Amino acid sequence: MPVNGSPENPFAASPDDVAKLEAIREALLDPSPRRIGRLDQWGLADTYEVQAELAEYREAQITMADGTRIDAGLSVPRNLVPGQACPAIVMPAPLNDLGHLAYLGTIPRWTQGGYVVLTYSQRGLAKSEGEIQVAGPQDVADGIEILDFLSGVEGVDAERIGCFGASYGAGCSLLLAARDPRVKAVAGASAWGDLLASLFENGTRHIKAFEALVALFHEERCSAEFKEIIQKIRDGVVDDKVVEFASLRSPMQQLNAYNDRQLPILMTTYWHETIFSVPAVVDLFTNLTGPKSLLVQIGDHGNGELPGLFGGISKPTEMTYRWMDHHLGGSAGDGTAPQFGIRSEYMHNLLSDLPHDDWASYALPRQRFHLGAVPAGQQDAPMAQGQPQPGWTHSVQAAGPDTGIVVAPNLIKTGLSERVGLPHVYKTAEIKRDVAAVWTTPPLEQPMRVQGDLEARLTVRTQTKNATFTTYLLDCDPSTGRAAIITHAPYTLTDLQAATVTFRLQPAHYVLAKGHQLQLIIDSYDPFFADDNTIPAALEITSPKDNESYIDIPLATMP
């Protein structure tokens, strides 16, 4: 759960947020005037005074079958009449040192909606004992035991239990829901669909995000199995053990369980998500046949739900309250019916909110742009619709870290800036042409929108058997030479010296101004990804006849 972060830990909570959560915890455990009065400085005293009147909160150590104690928090409504049963919400923690305390800001809303609330830190996380399993079978087994505990709490309606989690908690919620039919609805903010696709996108390791997550897990607390996987990923080894490890932790592998039960599932993600694969989340959503909803927002992992987790308003948490109310019968939301299908923002308009029934109606038809040769006397090539452009070769050198363009200069923080309308700006004239190839469209004659899935086909020749390149699509203002990233994708060739590859870029929803240009850049190094390039070596992008290079963009004029 990112908050303010630091260069070393982009997920770290700010000192003020930590102080606020600790004050909330103390007021929940001891709702005295002195404790609740401390919350005045954040404007929360009235909220938690009402919470204390409506429910009793306590912390508990829930002992698992193997003796491991799981740290949990439990809020139960007061003054229940005999036989009264309430819906319940279970929240596995996001990945941070706060553990389940990260959800304290949501408890008053659940309480006022008549819910029993159980939050917990997965084994090895925060104050829970044991070793970190990364949403593995042991974590699912723990979740089942926690549901057993919850079902024995007085006032809980065992037929009306839902799971909600953010990030790590989202994956744990989805995987627990697949295994235990007592979970009647699930919501996951910053969710993942396929863990392998998140670790290895088009054969390329997301090494910067991976190392940030490992640091947050605290490697010394990880299980021996996970430590072995960590080392394999660092070494670039994708063997059967890695595939099995990721598959067991991928909600996509539980698709039949979700569809057989018609389990209601809500997920949220981001256009520039850098932790979990967005195409994999879209694929999971598309293949679900039960009640479903997908929210895609501007920014990066965790940016949008953060205010809601701290007790404020956010689309992910408001949608979650409505989702659970609809399926479990509580009243934590505002009384509005939940939205099914797709709900999206577009870059960079934070106030945008567009509904669609499904991904098929959401995504625009793709328009093909052929990549051409560099004209004599120029350094960049054209990118245009019309006839394929065969017969050219564009060579770029394998490079070190200074190519002039990166996916995200700052993990998490770059996306957070995008949410307030301040995307990172590139001066494309400064991108080094010896290590990057650039194609540009003519200026747009009218405003356009990119909306949906993108796909590229390139023929690549290398001087070595392994090579990595990254493809970026930018919105460039030719009057200033300033550009912002629309989307991107890496690709790694292994044991090949020449291949024609077709691959997906991250989906996008982006509005382009009249007169702007689409700009495609392919370079040989991005520090966000682990690369398999040899320096010095050259990477050749070519366009042979009948296998011409192109990019398909879901593009249309603005309505």
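Values below: every heavy atom of this structure, side chains too, minus hydrogens, waters and symmetry copies. Keep in mind the model is a prediction, meaning the values are calculated, not measured.
The nearest pair of heavy atoms linking Leu248 to Pro137 is CD1-CG, 4.2 Å. Across every non-hydrogen atom of Glu131 and Ser223, the tightest pair is OE1-CA, 3.5 Å. In this structure, Val278 and Thr269 approach most closely via the heavy-atom pair CG2-OG1, 3.9 Å. Listed here is the closest heavy atom pair of Ala102 and Pro94: CB-CG, 3.7 Å. Looking at every heavy atom in both residues, Tyr270 comes nearest to Ile298 through CD2-O, 3.4 Å. Pairing each heavy atom of Lys227 with each of Glu220, the nearest pair is NZ-O, 3.9 Å.
His218 and Asp97 share a donor-acceptor pair across their side chains, judged by distance under 3.5 Å alone. Checked by atom type, the side-chain pair Asp475/Tyr510 shows a donor-acceptor distance below 3.5 Å. With 3.5 Å as the limit, one finds a donor-acceptor pair spanning the side chains of Thr459 and Thr500. Side-chain atoms of Thr542 and Thr393 include no donor-acceptor pair closer than 3.5 Å. Ser543 and Gln389 share no donor-acceptor pair across their side chains, judged by distance under 3.5 Å alone. Side chain to side chain, Thr286 and Asp283 fail the donor-acceptor criterion of an N or O pair below 3.5 Å. Side-chain contact of Asn466 with Thr464: a donor-acceptor pair under 3.5 Å is absent, judged by distance alone.
Here the straight-line distance linking atom NZ of Lys413 with atom CG of Asp300 works out to 13.0 Å at 0.5 Å rounding. Between Ser417 atom OG and His348 atom NE2 the span is 10.5 Å, to the nearest 0.5 Å. Residue Leu371 holds its CG atom at 7.0 Å from CE of Met383, rounded to the nearest 0.5 Å. Taking OG1 of Thr414 as the start and CD of Glu418 as the end, the distance is 7.0 Å to the nearest 0.5 Å. For the atom pair Thr492 OG1 and Asn202 CG, the distance stands at 8.0 Å (nearest 0.5 Å). In this structure, the separation between CG on Leu493 and OG1 on Thr462 is 6.5 Å, given to the nearest 0.5 Å.
Put simply, the side chain of Ser352 gets close to the backbone of Tyr346: a donor and an acceptor are under 3.5 Å apart. At least one donor-acceptor pair under 3.5 Å links the side chain of Asp531 to the backbone N or O of Asn533. Judged by distance alone, with hydrogens and angles left aside, the side-chain atoms of Glu455 form no donor-acceptor pair with the main-chain N or O of Thr502 at under 3.5 Å. For Ser344 (side chain) and Val296 (main-chain N/O), no donor-acceptor pair under 3.5 Å exists by modelled atom type. Listed for the Asp477 side chain is no donor-acceptor partner under 3.5 Å among the backbone atoms of Arg482. Remark: side-chain polar atoms of Asp239 are paired, donor with acceptor, to backbone N or O of Val242 under 3.5 angstrom. In this structure, the side chain of Arg504 does not engage the main chain of Ala489 through any donor-acceptor pair within 3.5 Å. At distances below 3.5 Å, not a single donor-acceptor pair connects side-chain atoms of Lys545 with backbone N or O atoms of Pro390.
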Open item on the list: side-chain contact (heavy atoms from CB on, under 4.5 Å), that's the test. Do Arg449 and Leu364 meet it? Break it down for me.
Closed with: CA-CA 9 Å; Arg449 57 191 171 120; Leu364 295 171; 3.9 Å; yes
Task: Chi angles and distances behind the side-chain contact (heavy atoms from CB on, under 4.5 Å) call for Leu474, Ile405 - done: CA-CA 11 Å; Leu474 279 72; Ile405 186 168; 3.8 Å; yes
Task: Worked verdict on Met448 versus His516 for side-chain contact (heavy atoms from CB on, under 4.5 Å) - done: CA-CA 9 Å; Met448 306 285 284; His516 282 210; over 6 Å; no
Task: Step-by-step side-chain contact (heavy atoms from CB on, under 4.5 Å) determination, Leu411 to Thr274 - done: CA-CA 7 Å; Leu411 193 67; Thr274 58; 3.2 Å; yes
TODO: With side-chain hydrogen bond (donor to acceptor under 3.5 Å, both in side chains) as the test, would you mind laying out the steps for Thr440 and Gln519 before giving the verdict?
DONE: CA-CA 4 Å; Thr440 306; Gln519 196 164 61; 3.1 Å; yes
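The closest side-chain heavy-atom distance from Tyr168 to Asp139 is below 4.5 Å. At least one side-chain heavy atom of Pro316 sits less than 4.5 Å from a side-chain heavy atom of Leu295. Counting only heavy atoms from C-beta outward, the side chains of Ile265 and Met267 approach each other to under 4.5 Å. Glu305 has its side chain within reach of Ser190: a pair of non-hydrogen atoms, C-beta onward, lies under 4.5 Å apart. Contact check for Phe503 versus Leu458: side-chain heavy atoms found under the 4.5 Å cut-off. By the 4.5 Å heavy-atom criterion applied to side chains, Met347 and Pro423 are not counted as neighbours. Between Leu518 and Ile486 there is a side-chain heavy-atom pair separated by less than 4.5 Å. Considering only heavy atoms from C-beta on, Leu354 comes within 4.5 Å of His509 through its side chain.
Ring-plane geometry between Tyr550 and His370 is classed as perpendicular, the angle between the planes exceeding 60 degrees on a 0 to 90 degree scale with a lower cut at 30. Under the 30°/60° scheme for interplanar angles, the aromatic rings of Trp192 and Phe276 are found to be tilted. In this pair, Tyr362 and Trp359 present their aromatic rings tilted. The plane angle is within the 30 to 60° band. By the 30° and 60° cut-offs, the orientation of the rings of Phe529 relative to His488 is tilted. Classified by interplanar angle (parallel below 30°, tilted 30° to 60°, perpendicular above 60°), the ring pair Phe528/His206 is perpendicular.
For Asp240, the CG atom sits in a loose shell: 12 or fewer heavy atoms of surrounding residues, nucleotides or ligands are nearer than 6.0 Å. Taking a 6.0 Å sphere around CZ of Arg433, one finds it holds more than 12 heavy atoms contributed by other residues, nucleotides or ligands. Atom CD of Gln387 has 12 or fewer neighbouring heavy atoms from other residues, nucleotides or ligands inside a 6.0 Å radius. Enclosure of atom CD in Glu445 is not indicated, since only 12 or fewer non-hydrogen atoms of other residues, nucleotides or ligands lie within 6.0 angstrom.
Electrostatic pairing of Arg457 and Asp552 does not count as a salt bridge here, judged by no charged N lying under 4.0 Å from a carboxylate O. With respect to the salt-bridge test (charged N to carboxylate O, under 4.0 angstrom), the residues Glu219 and Arg234 qualify. Between Glu225 and Lys241 there is no salt bridge, since none of the side-chain N atoms of the basic residue sits less than 4.0 Å from a carboxylate O of the acidic one. Contact check on Arg366 versus Asp453 returns no salt bridge, with no Lys/Arg side-chain nitrogen under 4.0 Å from an Asp/Glu carboxylate oxygen.
With Tyr472 as the fixed residue, the side-chain contact (heavy atoms from CB on, under 4.5 Å) test singles out one of Ile431, Asp526, Thr487: Asp526.
Here side chain to side chain donor-acceptor pair (under 3.5 Å) pairs that include residues 242-259, with residues two or more places apart or in two chains, are Asn259-Thr289.
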